[in-house]
Amino acid sequence: MKIASVVSTKGGTGKTTTSANLGAFCADAGLRTLLIDLDPVQPSLSSYYLISDEAQGGIYDLLAFNVTELSRIVSTTTIPNLSLVISNDINNQLINLLLQAPDGRLRLANLMPAFRDHFDLVLIDTQGARSAMLEMVVLASDLAISPLPPNMLTAREFNRGTMQMLDGLRAYARLGLNIPPVNIVVNCLDQTSDAQMIYDTVREIFQDNQEISVLDSTIPAAVVFRNAASQGIPAHRLEYRQPSNRQAPSALSIIRRLAIEVFPEWRDRFEAMTEERVAKLAREAR
Ligand SMILES: Nc1ncnc2c1ncn2[C@@H]1O[C@H](COP(=O)(O)OP(=O)(O)OP(=O)(O)O)[C@@H](O)[C@H]1O
Ligand SMILES: [Mg+2]
């Protein structure tokens, strides 16, 4: 089981969009995928896709009471292979609880083995701010994916914020915990001629950093991601062909390329997600 978190020390960078679309793509490719919504303030991942079987509990039960029985905390979405632990921390209490608990930062890492036999991939969406919760999620992950807008100032600020967070986690590395590599994906890249220059500069900002790398894959700014969100449909199902009026590739190509780069161990099954296959899936889902 692979655990990936989608993190950023800033809000509104595309974490939920990335979690929802990457997760649904992996599920359609046949991976048993679990989305975990760890954003108590704006739990938008919890309502992103329709739920077919809703569990009574969610993240609060998992983290506050160590409930790991799947039937109590894992809801099933209408997308085959895609499950969800909803954010039900309505009063935003978990953060204080984690700050006070002696095992606070390690709690999620300690609970993850309960999912090992049931899922191939766990994707955790987080809140866009530096917090104990974010540190806990990072410590539980094998890798972190971090969407970044194509903006040099934000990139520098991100570099500082993320480095501070990773520095804060080093004490845990000495306890034997893994600090995962951070993979930046430039999100909302527009199709103007300086897009490439912006991307190259973002790469330069991080080039001397061993722990943070900038992915080759980028996500263009495209209306399909907003439409997919409002319709509750994975972007790759909504747009599997390149629209004739656009330079950017189809949402399917964008998400597939990202999935292959982040999870190369599943390359074959991702490559098998061709336009024809996704067209069939999308037809069947209607
Ligand atoms: N590549 C994209 N193209 C167009 N719109 C996008 C793209 N990525 C994200 N958006 C839009 O930008 C807004 C913010 O995205 P999203 O909610 O995924 O960010 P977030 O990092 O989860 O935000 P928060 O920190 O508030 O949780 C949403 O309206 C989303 O539809
Ligand atoms: Mg979000």
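One-based numbering, in listed order, for ligands and for the atoms of each.
Distance alone, capped at 3.5 Å, places no donor-acceptor pair between the N183 side chain and the I145 backbone. Under the 3.5 Å distance criterion, the side-chain polar atoms of S146 are matched with a main-chain donor or acceptor of V7. Without hydrogens or angle criteria, D103 side chain to R107 main chain gives no donor-acceptor distance under 3.5 Å.
Counting backbone and side-chain atoms alike, S44 contributes no N/O/S atom closer than 2.8 Å to the Mg ion (ligand 2).
Contacts between T18 and ligand 1 below 4.0 angstrom, taking non-hydrogen atoms only, are absent altogether. Looking at D39 against ligand 1, only its side chain comes within 4.0 Å, counting heavy atoms. At a 4.0 Å heavy-atom cut-off, ligand 1 does not touch Q127 at all. Within the 4.0 Å heavy-atom criterion, the part of P220 lying near ligand 1 is the backbone and not the side chain.
Salt-bridge check for E271 with R256: failed, with every basic side-chain N at 4.0 Å or more from each acidic carboxylate O. Salt bridge E276/K280: absent, no basic N to carboxylate O contact under 4.0 Å. Ion pair D61/R72 not flagged as a salt bridge, since none of the NZ, NE, NH1 or NH2 atoms sits closer than 4.0 Å to an Asp/Glu carboxylate oxygen. Salt-bridge formation is detected for the pair R203/D216: a Lys NZ or Arg NE/NH1/NH2 atom is positioned less than 4.0 Å from an Asp or Glu carboxylate oxygen.
Closest protein heavy atom to atom 20 (P) of ligand 1: K15 N, 3.4 Å. Of the protein's non-hydrogen atoms, G12 O, 4.2 Å is the one closest to atom 14 (C) of ligand 1. The nearest heavy-atom contact from the protein to atom 11 (C) of ligand 1 is R226 NH1, 3.7 Å. Atom 2 (C) of ligand 1 has C188 SG, 3.5 Å as its closest protein atom, hydrogens excluded (heavy atom only).
The closest side-chain donor-acceptor pair between T33 and N81, if any, does not fall under 3.5 angstrom. Side-chain contact of D89 with Q93: a donor-acceptor pair under 3.5 Å is absent, judged by distance alone. S250 and S253 are linked by a side-chain donor-acceptor pair at a separation below 3.5 angstrom, with hydrogens and angles left out of the test.
Ligand 1 has an N or O atom lying under 3.5 Å from an N or O atom of A222, backbone or side chain. Taking only nitrogen or oxygen atoms, main chain and side chain alike, A221 does not reach within less than 3.5 Å of ligand 1. Note: no N/O pair closer than 3.5 Å links F225 and ligand 1 by distance alone. The shortest N or O to N or O distance between D125 and ligand 1 is not below 3.5 Å. In terms of polar-atom proximity, A229 is not counted as a contact of ligand 1, lacking any N or O under 3.5 Å from an N or O of the ligand.
When each atom of ligand 1 is checked for a heavy atom of T13 under 4.0 Å away, the hits are 19 (O), 20 (P), 21 (O). Close approach to G11 involves these atoms of ligand 1, each under 4.0 Å from a residue heavy atom: 25 (O). Within ligand 1, the atoms closer than 4.0 Å to a non-hydrogen atom of I219 are 1 (N), numbered from 1 in the order shown.
When the options I255, L123, I219 are evaluated for a side-chain contact (heavy atoms from CB on, under 4.5 Å) with T18, the one that passes is I219.
Looking at T126, N187, T17, it is T17 that brings a heavy atom closest to atom 16 (P) of ligand 1.
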